[in-house]
Structures are given as structure tokens and as C-alpha cells.
2 protein chains.
Amino acid sequence: MSDSVAAVAASKPERGGRGAKTLIEYAYQRLRKDIISGALAPDSKLRIEHLRAQYEIGSSTLREALTLLVADALVVSEGQRGFRVAPISLEDLKDVTRMRKMMETLALRESIERGDDQWEAGIVAAFHRLSRVEERLEAEAEQVAESWEDRNSDFHKALICACSSRWILHFREILYHQSERYRRFSLVSQRGERDVHAEHKAIMDATLARDGDLACRLIEEHMDKTLSNMTGMVS
Amino acid sequence: MSDSVAAVAASKPERGGRGAKTLIEYAYQRLRKDIISGALAPDSKLRIEHLRAQYEIGSSTLREALTLLVADALVVSEGQRGFRVAPISLEDLKDVTRMRKMMETLALRESIERGDDQWEAGIVAAFHRLSRVEERLEAEAEQVAESWEDRNSDFHKALICACSSRWILHFREILYHQSERYRRFSLVSQRGERDVHAEHKAIMDATLARDGDLACRLIEEHMDKTLSNMTGMVS
DNA sequence: CAAGGAAAAAATATCGATATTTTTTAAAAC
DNA sequence: GTTTTAAAAAATATCGATATTTTTTCCTTG
């Protein structure tokens, strides 16, 4: 028996990568990635049969993963008419940004009030890791892009993880994924005109200096710039 | 064949009540009701096999309904260890209330700014329906309670439905269900010491008078009172 | 030639069976 | 008397087959 298992394992290279304990999680992550990256276009139909063949996953498992994505508002399910990728719109992007600013500043303010030494260390470390990948970014571009997204996400999470409100963090997370999706649609124009690295540095400095007002102002500007960059590109 | 179908249909009286187009939705509604009412206790394990027998629904369907409830944070799913009812705590109740106040006032302010005649009419109508069921409440109590919950929910929704932010309304809805659950756990003490009807009336009057500041202050007090009533009862 | 409607095709929703994993139970060893 | 290990039981996760519903196709009818 172990032979055939080994053979199968070889042909399907670790489906369950990135610590996906369950197949549903694997499907969820993969689908989410495809939606955020735009490989699955906004508003397009998600046909179970089709995805089933493509991802080599049973229909029930797929449906469950899709349902998980409905919770993230990346997928919508219409009655008896299956699933489709959530639509995007300029209006929605503005709404997302507005809410994000609210959640992010709330979380940052409280983190600055409550954060301890370990929290500070986490921020510095995440900033360092982000900086490292940014160095490589100029040369290799495409391949590093995904890794940059991850580390950017980690950095911002490190900033606010000392916030005690489960709900703020929960909503913030959902909104972050939403904005990530919009960001991908305007990836080209994002860099160049803007020194994201310097912005991050300023935010970190203000945060470590425990200057809540300044840190919040900077992070709001950070998000506003992202919005401006995208405005006009989406519908 | 039609005979057996008819027989089955008779024994299962309309499972799909309250406009549940799909079985998943039916299971979802039923589970949610049982969780909010406390029939399914906080933190208790939700065994698929058990529920399957009890609700007469296939396992995949049940899992999907459960996943839907994870999105509402009424159920938590732990890796390869199934589902369980989300725990409750005083800390969480405070967090929920804080966020609710934020979402509710944001939504109310914008509704007051944007609401039209139809919005006003909807509020008056919902208030009327709520008042009617409150009259009956004093006598029959238990049976009317559920209907009161529905109409209370409708009234509060009517107040803020003119808000244009999809996300505020989305988060507000999730939080409302959370608080509904906490409220059920302290149902007895709720009425009596408090004139909820008068509070609703005052909120409605301020809203229709387009006095955003007053309406928001009143609705925050409304929610704070609910919190005070519950504090000390949960864990 | 447009509108409507029946038949066919495609897709979704649902189910129960099987494979995996976790938990419990019991026995053995230290 | 604990702790370990092994076996059994229970529960979850996954799958593909079937039943329902929706969509498309194509023929009829006005």
C-alpha cells in the first residue's frame, strides 16, 4: 500500500501546502488566491463541475470552500443558482477603504496603548523581512510579488496585533483581503511614483514612539494613497 | 412514485419554511435559531452524525450550513476536529456592544441624512408592528417572544436601511445576531425595570425629526442599557 | 418573424458510503 | 500507580452518484 501512496504523493506535489491541514482549507486558499490575483475574474461564474476537474477535488469539498469564501465576501452565492466571484466597483472600493481606515486606526491606537516589548520586536522584525524582499523586488519583480504581499500583510498585522478587540481584528482582516484584491488590479501603477518603503518606515517610527495620533494619520494617508492610485483604473 | 413522495411530504411538513429556497438555508436557519435560543449551548460540540439524524439532513448539507454559521461567528470550526458552538463571555459581550454602537450610529447618521419618504414610512410601519406584538406580549409571553424578536429586528433595520455603506450594514448585521444571542440568555430580567417601548419611540421620533446627534445618543443608551442588564448574568 | 413552450442539456443541490483522523478504551510495561 | 502502547470505537472529511432545478435549444404557433 505504501508504494501506491508514495506514487500518488509524488504526482500531486503536496496539496496541502502552507499548513493547510484539511483539503477544504487547501481549496479555500487556492480559490482565494485565484480570486485575489484576478485569475478568476470578478463576477464570473464558478461552476462546480469545472473547478472540480481543474482542482481535482470533490464537489462537496469545493462547495464548502466556496462557502468559506462567501464569508470573506469574495464569493457570492445566489439561491439555487450556484456561486460566482464577487463583483468589484469603484463605489465598493471607496467603502472598503473607508471602513479599513476606521478599523485600522482603532486597532493601531489600542495596540500603541497596550503593546509590550514583544509587540515592538515583532514590528521591527516584520519590517526587516519586508525590507529585504523589497530589495529583491526591483530586479526580479514578478516572482517576488507574492512574497511581498505576504510580508506586507505580516507587517501591518504586527502593528495592530496588540489590540484586544477580537471583532475589530476580525473585520479588519476581511477588509484587508478585499483591498488586497483591488490592489492587484492596479499593481503596475502602484510603485514608482510612490515610496511605500518610506511610508512604512514612518508608520513604524511613529508607532514605536507611541505617538498614536501621528501613526494613525500616517496610516490613513497610506491607505488613501493606495485608493488614489487605484481610482480611475477600476470601472 | 408520486404516492411515496406525497407520503414523505406529509410527514415532513414544509421543511423550507420562512422562504428558505434551499435545504442548506433551512438547516442554517434552524441551527442558528437553536444556537441563539441556547438550545444548543455555547461551546458544545456539534456532532454531524447526531445533527444529521435529528434534522434529517445529509452530512454535506449540514456541513455547509455549519460553515455558513462560522461566517456569522456563531460556530467555530477547529481544524480536523469538527464544529462547536461559539463560546460566550462577558468580555466578548462588551466588545460586541462597543462595535455595535459604532456600526449602528454610523448607519443611523447616514440614514438620517439620506433617507426619503419611503424610508420614513418603513420606520413608522415597523414601529407599529412592533407595538402591536408588545401589547400581546404581556399576556401570552413565551409564544410571542420570538415574534417580538423578529419585529424588533425589523424595526431597527428599518431605521438604518437608508445607509449606503454595504460594509457597515454587513458588519452591523453580524453583530446584531451576536447580541441577540446574549440577549436571550438574560431574557427574564430584561423587561419590567425598563420601558423598551418608550425608548424605541424616542429613537424613532428623533430619527424622523432628522436629529442625528440625539438619535445616536438615544440608540447608544438603548444598547448600553441592554448591556447593563446582561452584565453579571453571563459567566 | 417574434413569442411561447416543450424537450434536452447542463448545472446545482443533496445524499449516503468510504477513507482518514481523532478519541477512547484497555492492556502492558516500567 | 503512573505512563506507554496498541487496539477499538467514534467522529470527521472526502468522494462520486443521484435527484432537482435552471438554462439552453429548437420546434410550434400566432
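All chains are named by letter (A, B, ...) in the order of the sequence lines, taking the proteins before the strands, and each is independently numbered beginning at 1. What you see is a predicted model; the values in this text were computed from it and never measured.
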From the list C:dA13, D:dT14, D:dC15, which nucleotide is the closest neighbour of the side chain of B:Thr22?
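Comparing C:dA13, D:dT14, D:dC15 against the side chain of B:Thr22, the answer is C:dA13.
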
Which of the following nucleotides, D:dT14, D:dC15, C:dA11, is nearest to the side chain of A:Ile57?
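So the nucleotide nearest the side chain must be D:dC15.
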
Salt-bridged, [X] to [Y], with N to O below 4.0 Å?
{"X": "B:Arg151", "Y": "B:Glu134", "answer": "no"}
{"X": "B:Glu91", "Y": "A:Arg166", "answer": "no"}
{"X": "B:Arg172", "Y": "B:Glu110", "answer": "no"}

Please list residues of residues 68-83 of chain B whose heavy atoms come under 4.0 Å from any atom in DNA chain D, ordered by number; otherwise none.
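Contacting residues: B:Gly79, B:Gln80, B:Arg81, B:Gly82.
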
Can you measure [X] atom [atom1] to [N] atom [atom2] for me and round it to whole angstrom units?
{"X": "B:Arg84", "N": "D:dA11", "atom1": "CZ", "atom2": "P", "answer": "13 Å"}
{"X": "B:Ile48", "N": "C:dG16", "atom1": "CD1", "atom2": "C1'", "answer": "14 Å"}
{"X": "B:Arg47", "N": "C:dT24", "atom1": "CZ", "atom2": "C1'", "answer": "12 Å"}

Look at the side-chain N and O atoms of [X] and state whether any lies under 4.0 Å from the OP1 or OP2 oxygen of [N].
{"X": "A:Lys21", "N": "D:dA13", "result": "no"}
{"X": "B:Thr61", "N": "C:dA13", "result": "no"}
{"X": "A:Lys45", "N": "C:dA11", "result": "no"}
{"X": "B:Arg52", "N": "C:dG16", "result": "yes"}

Pair pattern of DNA chain C in dot-bracket, where unpaired bases get dots and | marks partners in another strand, Watson-Crick or G-U under 3.5 angstrom
||||||||||||||||||||||||||||||

Answer with base, sugar-phosphate or nothing: what part of the nucleic acid does A:Leu46 contact at a heavy-atom distance below 4.0 Å?
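Here A:Leu46 touches the backbone only, sparing every base.
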
Other residues, nucleotides and ligands only: do more than 12 of their heavy atoms fall within 6.0 Å of CG on B:Asp117?
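Atom CG in B:Asp117 is not packed in, count stays at 12 or less.
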
Between A:Ser179 and A:Arg100, does a side chain to side chain donor-acceptor pair (under 3.5 Å) hold up when you go through it step by step?
CA-CA 9 Å; A:Ser179 73; A:Arg100 265 191 81 204; 3.2 Å; yes

Donor + acceptor pair across side chains of B:Glu180, B:Ser153 (<3.5 Å)
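There is no such pair (donor and acceptor under 3.5 Å, judged by atom type) between the side chains of B:Glu180 and B:Ser153.
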
Distance from A:Asn152 atom CG to A:Ser147 atom OG, nearest 0.5 Å?
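Interatomic distance, A:Asn152 CG to A:Ser147 OG, rounded to 0.5 Å: 10.5 Å.
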
How about B:Tyr182 and B:Asp92: do any of their side-chain heavy atoms sit closer than 4.5 Å?
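Yes - at least one pair of side-chain heavy atoms lies under 4.5 Å apart.
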
Contacts of type ring pair (Phe, Tyr, Trp, His ring centres under 6.0 Å), residue B:Tyr28, not counting sequence neighbours:
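Ring pair (Phe, Tyr, Trp, His ring centres under 6.0 Å) list for B:Tyr28, sorted by chain: empty.
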
